[in-house]
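Notes follow the structure.
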Amino acid sequence: MIHETTPTTQVALNMGPQHPSTHGVLRLELMLEGEVIVGCNPIIGYLHRGIEKIGEARSYPGFLPYTDRLDYLSSASNNLAYVQAVEKLIELEVPERARYLRVMLLELNRIASHLVFVATFANDLGATTAFLYGFREREPIMDMFEMWTGARLTQSWIRIGGVAGDIPEGFAEAARSFCAMLLPRLQEYDRLLTGNHIFRARTEGVGLLSRDVGINYGCSGPTLRGSGEPYDIRRAEPHEVYDRLNFDVVTDDSADCMGRYRVRIEEMRQSVRIVEQCLSQLPAGEVLARLPRVVRPPEGEAWGRVESPRGDFGCFVVSDGGPQPLRVRIRAPSFYHMGALPEMLRGWKIGDVVAILGSLDIVLGEIDR
């Protein structure tokens, strides 16, 4: 229930930019009446690196490693959104095997990102055991990424025309073994968190975001699906081979912190289904299309978009026919979720800020850019 306030002197309180529960260099200027929040002004820009302008000063392939540093917990999604835009400009056909490998990389990355969410969200609310469990389950994914790409976090493995290399011997077995291990571990999370009365008291009915308000603010991903809206780019605008795969778009009608948490838990189960299908359907063939040494798309513009772990992530690229993009613009879901945050905080207490903010699963790297 939202707490009612009585007229008192308002006090401004800064939360961040060095607060551990802001998950990055974010400053929240909270306006309080007593302990009740009556206003919030999110202040960003502490991590601004000018990545979009960097993209306009690099070659088309040369900008790829920079996209990893946007949402660094799901670098594969960033890579793919940018690469899709470039491939549309040059009308490039990607090999079938590469398209399956891209999807598998994205879904493993989605699981890894959601595990970090569960771990940090639980830790923010005082559940240290769940924090350790989340990183325990994530470690095999990091090992698989290292086996395949040589990197654990920022792989830069998706390339214009496909992927940089095929999966190595033993990778498929490791992926199947991980999928079999994860499902019972998620049931353990349900016992540890979902049914825990303290966790439920901190999340159920807290930080309400109605479907209409979420849509008006441009929210997407688990944040919007946690309000009951079944919007998922993988279904709305299928890319790669998502239209050939069976999986459910997960929604929750509660529109609160618990709903957003439950959506991410179930999405990990759906990602396991997708990875297993990719492994069973994986065709033979090349993994990278042939490209000229210098990529010069014809004049034009293109938009690439993917369903990242945080939502609708897009990249807009304009070409003037030269070896570098004329314009690069990023559509980052976390940025829009920050816009909705003041609406979600109003009427709640200071102790609820960490739960509400944590339930959005923001990454400051893609907000500030």
Side-chain angles (χ1 to χ4, degrees), residues 1-2 40 71 74 77 106-107 110-111 113-115 117-118 121-122 124-125 186-187 189-190 193-196 199-239 242-243 245-274 305-314 331-348 352-363:
M1 177 178 179
I2 295 181
C40 172
D71 176 359
S74 60
S77 299
L106 256 67
E107 294 306 318
R110 189 183 316 279
I111 296 172
S113 177
H114 283 353
L115 286 170
F117 160 77
V118 173
F121 185 54
D124 287 345
L125 301 181
L186 292 178
Q187 293 177 348
Y189 289 3
D190 281 336
L193 291 176
T194 313
N196 184 291
F199 187 80
R200 291 178 61 182
R202 294 293 306 276
T203 58
E204 288 184 341
V206 177
L208 295 174
L209 177 70
S210 71
R211 172 184 171 276
D212 290 341
V213 171
I215 291 173
N216 288 340
Y217 273 99
C219 297
S220 57
T223 297
L224 185 60
R225 291 194 289 275
S227 299
E229 175 61 33
Y231 178 70
D232 188 314
I233 299 299
R234 296 173 295 178
R235 282 284 186 249
E237 293 185 19
H239 53 87
Y242 279 112
D243 55 344
L245 304 173
N246 294 318
F247 64 95
D248 299 326
V249 175
V250 184
T251 61
D252 193 292
D253 293 329
S254 58
D256 56 11
C257 293
M258 175 61 87
R260 294 185 281 274
Y261 157 81
R262 283 196 296 251
V263 165
R264 291 182 176 93
I265 289 288
E266 183 57 34
E267 279 193 357
M268 286 192 275
R269 294 189 175 99
Q270 299 303 317
S271 291
V272 166
R273 291 178 62 191
I274 293 172
R305 66 194 308 197
V306 300
E307 182 67 32
S308 85
R310 264 145 287 281
D312 184 354
F313 184 95
R331 195 265 186 210
S334 294
F335 181 81
Y336 293 86
H337 299 160
M338 286 303 304
L341 181 64
E343 295 276 354
M344 302 165 70
L345 291 179
R346 194 171 293 114
W348 295 98
D352 299 313
V353 175
V354 294
I356 297 170
L357 178 62
S359 73
L360 298 180
D361 192 25
I362 61 169
V363 169

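Judged by distance alone, the side chains of Ser77 and Arg310 never bring a donor and an acceptor atom under 3.5 Å apart.
Across every non-hydrogen atom of Ala236 and Tyr231, the tightest pair is CB-CE1, 3.9 Å. For the pair Ile362 and Leu357, the tightest heavy-atom approach, listed with the atom from each and the gap, is CD1-CD1, 3.8 Å. In terms of heavy-atom proximity, Phe121 sits nearest to Cys257 at CZ-CB, 4.3 Å.
In terms of modelled atom types and a separation under 3.5 Å, the side chain of Ser227 and the main chain of Leu209 share a donor-acceptor contact. Between the His337 side chain and the Gly214 main chain, no donor and acceptor come within less than 3.5 Å of each other. Side chain of Gln270 to main chain of Asp248: a donor-acceptor pair is present (N/O by atom type, distance under 3.5 Å, no hydrogens or angles).
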Inset, instruction - Run the numbers on Ser210 and Asp212 for side-chain hydrogen bond (donor to acceptor under 3.5 Å, both in side chains), then give the verdict. - result: CA-CA 6 Å; Ser210 71; Asp212 290 341; 5.8 Å; no

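Ion pairing between a basic and an acidic side chain is recognised when a charged N comes within 4.0 Å of a carboxylate O; Glu266 and Arg269 show such pairing. Salt-bridge annotation for Glu307 and Arg234: absent, with no side-chain N of the basic residue lying under 4.0 Å from a carboxylate O of the acidic one. Between Arg110 and Glu267, none of the side-chain N atoms (NZ, or NE/NH1/NH2) sits under 4.0 Å from a carboxylate O, so this pair counts as no salt bridge.
Here the straight-line distance linking atom CZ of Arg225 with atom OG1 of Thr223 works out to 9.0 Å at 0.5 Å rounding. Separating the CZ atom in Phe199 from the CD atom in Glu204 is a distance of 9.5 Å, to the nearest 0.5 Å. The line from NE2 of His114 to OG of Ser74 is 9.5 Å long, rounded to the nearest 0.5 Å. Atom CZ of Arg264 sits about 15.0 Å away from atom OH of Tyr189, to the nearest 0.5 Å.
Counting non-hydrogen atoms of other residues, nucleotides and ligands closer than 6.0 Å to CZ of Phe335 gives a total of 12 or fewer. Other residues, nucleotides and ligands contribute over 12 non-hydrogen atoms within 6.0 Å of the CZ atom of Arg273.
The aromatic rings of His239 and Tyr242 sit perpendicular, their planes meeting at an angle over 60°, well past the 30° parallel limit.
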